Asker: 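This is the structure I have questions about; it appears just below.
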Amino acid sequence: MSKIPSEGKTASGSVLIVGGGIGGMQAALDMADSGFKVHMVQKDSSIGGTMAMLDKTFPTGDCAMCMLSPKLVEVGRHLNIDIHTLAEVFSVQGEPGNFTVGIRQYPRYVDPEKCTGCGLCEEKCPKKVVSEYEQGLGIRKAIYSLFPQAFPNTRLIDKENCIFFQKHKCRACEKLCPAGAIDFDQTQKDFELRVGAIILGPGLDRYNPVIRPELGFGRWPNVITSVQFERILSASGPYSGEVKRPGDEKHPNKVAWIQCVGSRDFNNANPWCSSVCCMYATKQAVIAREHDANIEPTIFFMEMRAFGKEFDRYVDKAKNEYNVRYKRAMISAVRDEVDTGNLILRYAEEDGTLVDETFDMVVLSVGLQPHKDAKEFASTFGIEPNEYGFADTSPFSPVDTSRSGIYVTGTYQGPKDIPETVTQGSAVAGKAMSLLADVRGTETVVRELPAEKDVAAETPKIGVFVCHCGINIAQTVDIPTVVEDVKDIPNVAHAEDLLYACSQDSQDKIKELVREKGLNRVVVASCTPRTHEPLFQETIREAGLNKYLFDLADIREQCAWCHMGEKERATEKAKKIIRMSIAKAARLEPLKSESVPVTHAALVIGGGVAGMTAALSLADQGFGVHLVEKEEELGGLAANVFRSIDNRDVRQFVKSRINEIHSHSGITVHNGVSVKATDGYVGNFKTVLTDGTEFEHGAVIVATGGEEYRPTEYLYSQHDRVLTQRELEGKLETESPRPEDIYVMIQCVGSREEPNNYCSRICCQDAIKNSIAIKEKTPTAQVFILYRDIRTYGLLEDYYKKARDLGVIFVRYDVERKPEVISRGERLEIKTFDPMLNRDVVIPADFVVLSTGIRPHPSTEEIAKIYKLTVNADGYLLEAHVKLRPVDFPSEGIFLCGLAHAPKNLEEGISQALAAAGRASVLLSKDALTVSGTVARHNRETCMSCLTCLRICQFGSPYIDEDGRISHNEITCMGCGICAGICPAKAFQVNNFKDDQIVAMIDAFTEPMAGGY
Ligand SMILES: Cc1cc2nc3c(=O)[nH]c(=O)nc-3n(C[C@H](O)[C@H](O)[C@H](O)COP(=O)(O)OP(=O)(O)OC[C@H]3O[C@@H](n4cnc5c(N)ncnc54)[C@H](O)[C@@H]3O)c2cc1C
């Protein structure tokens, strides 16, 4: 239950979120969707953060802006989220449940209430300024918008560059603004807010490589930063996605990436690893090759830190399919080649030979670092920063700051990638929800939607909106020609093009036109329905139409992107795709979305640290929890771990969690049993356990964990001095090494090789933790670590340094020449090829310690079958969307966390568990849920009960009823249409994908262009 200490005072049901990056936005959406009022304070003129500058993202290649843009609109238009841009917090007083926050908002000089976002002011502004968003590679105006999809889409005036503010003349924007929105008299204003909890997500800044003149940034124009390269790759960037070098705008062939610029540098810059640079460089090299096949990318690196899910395979793909060359070398200086603009990189081969190599362009993979005001920021909120200026947290409470009621999300807690940031966004939401559970719903308002217009008797009046998607579509498809083509098709009442159909101003325009022209169907021709359909559906619903009277014609993924360079043919294809969509739209029917009640309880499968954390978080919010653990005891793998890398007592922590679980009145523990069967659907599951216990619940969290790989190599179980790291850790708890002992640790045992070609993520940390323990107990004992890459990402880099300082010796090995372990009586001998010495070395050892990999728990597969979940090639559960829905499954109401998702350490598992609980709470906090109307309809009259549908349905919606015949549960149906496709009797039809609609689309494709549908 609520942990608000302020007895007697009513807590506030509002939260303050500082920072509008992807971490802050996820937290905002989860909080607002589960009954809390959110105030978001954002320093920039728009929300979006770092992600707004990125092109595509690793390892999926998803377009960053395409993922971000719907989120911007979702956050921006959420009734229970107030966004205060150009604002900062200057004071915080109070306690959990009751904080008073002072906010200072700087003037925009444009009135957001009046501005329509038409952009005329920007177009006509005579003052050109170098664009910070384009990283100095492009131009903006003195009145501008941070980026085209910015939210809010109200422009702002840059006072320092505005001719009126500087010279008291011009006022062109004011004269031209049709809405009278320009307000040169605006001033800074201070105001106060009362909130129950505070979430900090200010993100990080990027290292400025000017500080390292030897790398040539700022001196040689063809040396650029990785952020500049993101903009160069971007279709909406300074060169429209063409890879050119800034010096002379020539197409470069040889491009070099220099890794760790401003990271892992204990002497000149930041000591930590920035966690994302190895992968973003790989991504940039791959995308550069996709844009221009002549590019020859080389990545100069020290350690390839591909430690995330599917990352190693991505690097292999980059090497094997995209010819990305990875060169293990440190670049100490970049020189320019006279008159060519080329750059000469000097590096030493591993054997010491010096090489000079010339490149056309150099990209510096700059690291991430706290904002320069990080100290002041921490002191405003009264929280402790760590020694580097990140928010100080503990591995057991990764989103709690030192001040109760104030939480941290995203990169401000330590460098991380998008999915980890999104995960933490949901995790902090889970924490804040637990704190404020008692005041949920006290400060929120309910959206009043206009009554739905009855269009049954009307002839179709279709509005068609064709999106440029910047130049994503427009550079391949001739948009004006397409608009011209569709505008005279019968039933089309309006057609026009939009620069970004998903931006706020476009949404407003669509709504306005629906009302003004009486449109009763809308087609948007743009990107993928996967990310954007819900946004447009909501827009037309707000305009009074049933949301299913919408169709999305995908002319980006299915046209522009796959026909780059074929403008004429792509334009013809786009016309056809849109004509098909119009033909279908004319036949769209309004659908009803069913409402189902929610059982306010959850099932958590797996009683390891992740499962226990999720269970406690949910129970603290007042939801009932059934925690099911296969073993007799709770605790999972962590029960056998003694210490964390920062020397905290893990077993004590696990014990206290177990005690909390057992003493929590909201949690029922089912030990020694597993799930036998399940029935039901989101909000209403029924589960039967192997001991026959039955219960109902609204959500499921799968936390089935993993297990340690039992090695068969390196004489394990043949020689009693060959141990695993776990066994060594146990020994070190009770014994000290002898002064003369020699330990040889071998990394990547059972990891990073087919058929388990993934990094187990924790083995490097484990080896370093145990080697530090050996050296601290017995400094004369020797430790050798034989490794492929040391992956101490983020702030863990400190421990790598500590191990080196304590005298641990690191020797790299190649996977093609693995170490050999030889028994020498009681002792052992290890032969390994040292690439630095370019010869074999032999190390006598008292102990060989194997850093063994992680495998999914065998019961994960069983649970996946019961709940119809998908696992990846390595047996780990597959999330709904790698970037944006990292703890959700495609099946609604089911969430995941911990090792069942992928290898991760305790801290990351705890974050993910809090996130899964946060996501589950969003649904459990509702009394009823609305389920999609796009479901299959079953016709009992024509059904022969042949059972084909029953066998094929992934979601278990067809079932055998009491008459022994097939019936269909529309609530569990996900509308995938497999039943409709396979049913020999045509007894299934998917709403709005009915045969007549599909046939009309086919006709529109095959028929000559003229004529109606
Ligand atoms: C070159 C590069 C490439 C990358 N590529 C990838 C990739 O391909 N895949 C991937 O997963 N990750 C990638 N990343 C990492 C990814 O960008 C981050 O993980 C993610 O954007 C971090 O989100 P965040 O919300 O923590 O912070 P941010 O995005 O930095 O957002 C924080 C926001 O808070 C605002 N703010 C700061 N201080 C204050 C304050 N005092 N008051 C109010 N607001 C404040 C900031 O202006 C900012 O808008 C890349 C990073 C870089 C630099």
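In listed order, ligands and their atoms are each counted from 1. Nothing here was measured: the structure is a model prediction, and the numbers come from that model.
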Asker: If we set the cut-off at 4.0 Å for heavy atoms, which region of M279 has an atom near ligand 1: side chain, backbone, both, or neither?
Answerer: neither

Asker: If you measure every N or O of E88 against every N or O of ligand 1, does any of those distances drop under 3.5 Å?
Answerer: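 N/O-N/O distance under 3.5 Å: no.
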
Asker: How far is atom 45 (C) of ligand 1 from the closest protein heavy atom, and which atom is that?
Answerer: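 Answer, as residue, atom name and distance: K43 CB, 3.6 Å.
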
Asker: Taking atom 27 (O) of ligand 1 as the point of reference, which of S46, G203, S275 owns the nearest heavy atom?
Answerer: G203

Asker: Please classify the K883 to ligand 1 contact at 4.0 Å (heavy-atom distances, strictly less than): side chain, backbone, both or neither.
Answerer: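 The answer is the side chain of K883.
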
Asker: Please check whether L54 reaches ligand 1 - meaning an N/O of the residue sits under 3.5 Å from an N/O of the ligand, judged on distance alone.
Answerer: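 Among all N and O atoms of L54, none is under 3.5 Å from an N or O of ligand 1.
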
Asker: Check ligand 1 against P419 and write out every atom of the ligand that is under 4.0 Å from a heavy-atom position of the residue.
Answerer: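 Per the distance check, 11 (O).
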
Asker: For G201, take its heavy atoms, then give the atoms of ligand 1 lying under 4.0 Å from any of them.
Answerer: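 Those qualifying, in numeric order: 32 (C), 33 (C), 34 (O).
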
Asker: What about L368: any of its N or O atoms under 3.5 Å from an N or O on ligand 1?
Answerer: no

Asker: Please determine whether a side-chain nitrogen of the Lys or Arg among R305 and D312 lies less than 4.0 Å from a carboxylate oxygen of the Asp or Glu.
Answerer: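 Looking at D312 together with R305, the answer is no, because their closest N to O distance does not fall below 4.0 Å.
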
Asker: Are R403 and E384 ion-paired here, with the side-chain N under 4.0 Å from a carboxylate O?
Answerer: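 No salt bridge links R403 with E384.
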
Asker: Below 4.0 angstrom from a heavy atom of G20, which ligand 1 atoms are there? Numbered from 1 as shown, please.
Answerer: 33 (C), 34 (O)

Asker: Inspect the contact between R104 and E192 and indicate whether a charged nitrogen and a carboxylate oxygen are less than 4.0 angstrom apart.
Answerer: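 No salt bridge links E192 with R104.
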
Asker: How would you list, by chain and number, every residue that makes a side chain to side chain donor-acceptor pair (under 3.5 Å) with D417, sequence neighbours excluded?
Answerer: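 Listed in chain order: nothing, the list is empty.
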
Asker: Would V227 count as a polar contact of ligand 1, with the cut-off being nitrogen or oxygen pairs under 3.5 Å?
Answerer: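 No, no N or O pair falls under 3.5 Å.
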
Asker: Side chain, backbone, both or neither: which part of Y412 comes within less than 4.0 Å of ligand 1 when only heavy atoms are counted?
Answerer: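 Under 4.0 Å from ligand 1, Y412 contributes no heavy atoms.
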
Asker: Could an N or O of ligand 1 be found under 3.5 Å from any N or O of T57, whether backbone or side chain?
Answerer: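 No.
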
Asker: Is a salt bridge present between E321 and R289, judged by a nitrogen-to-oxygen distance below 4.0 Å?
Answerer: no

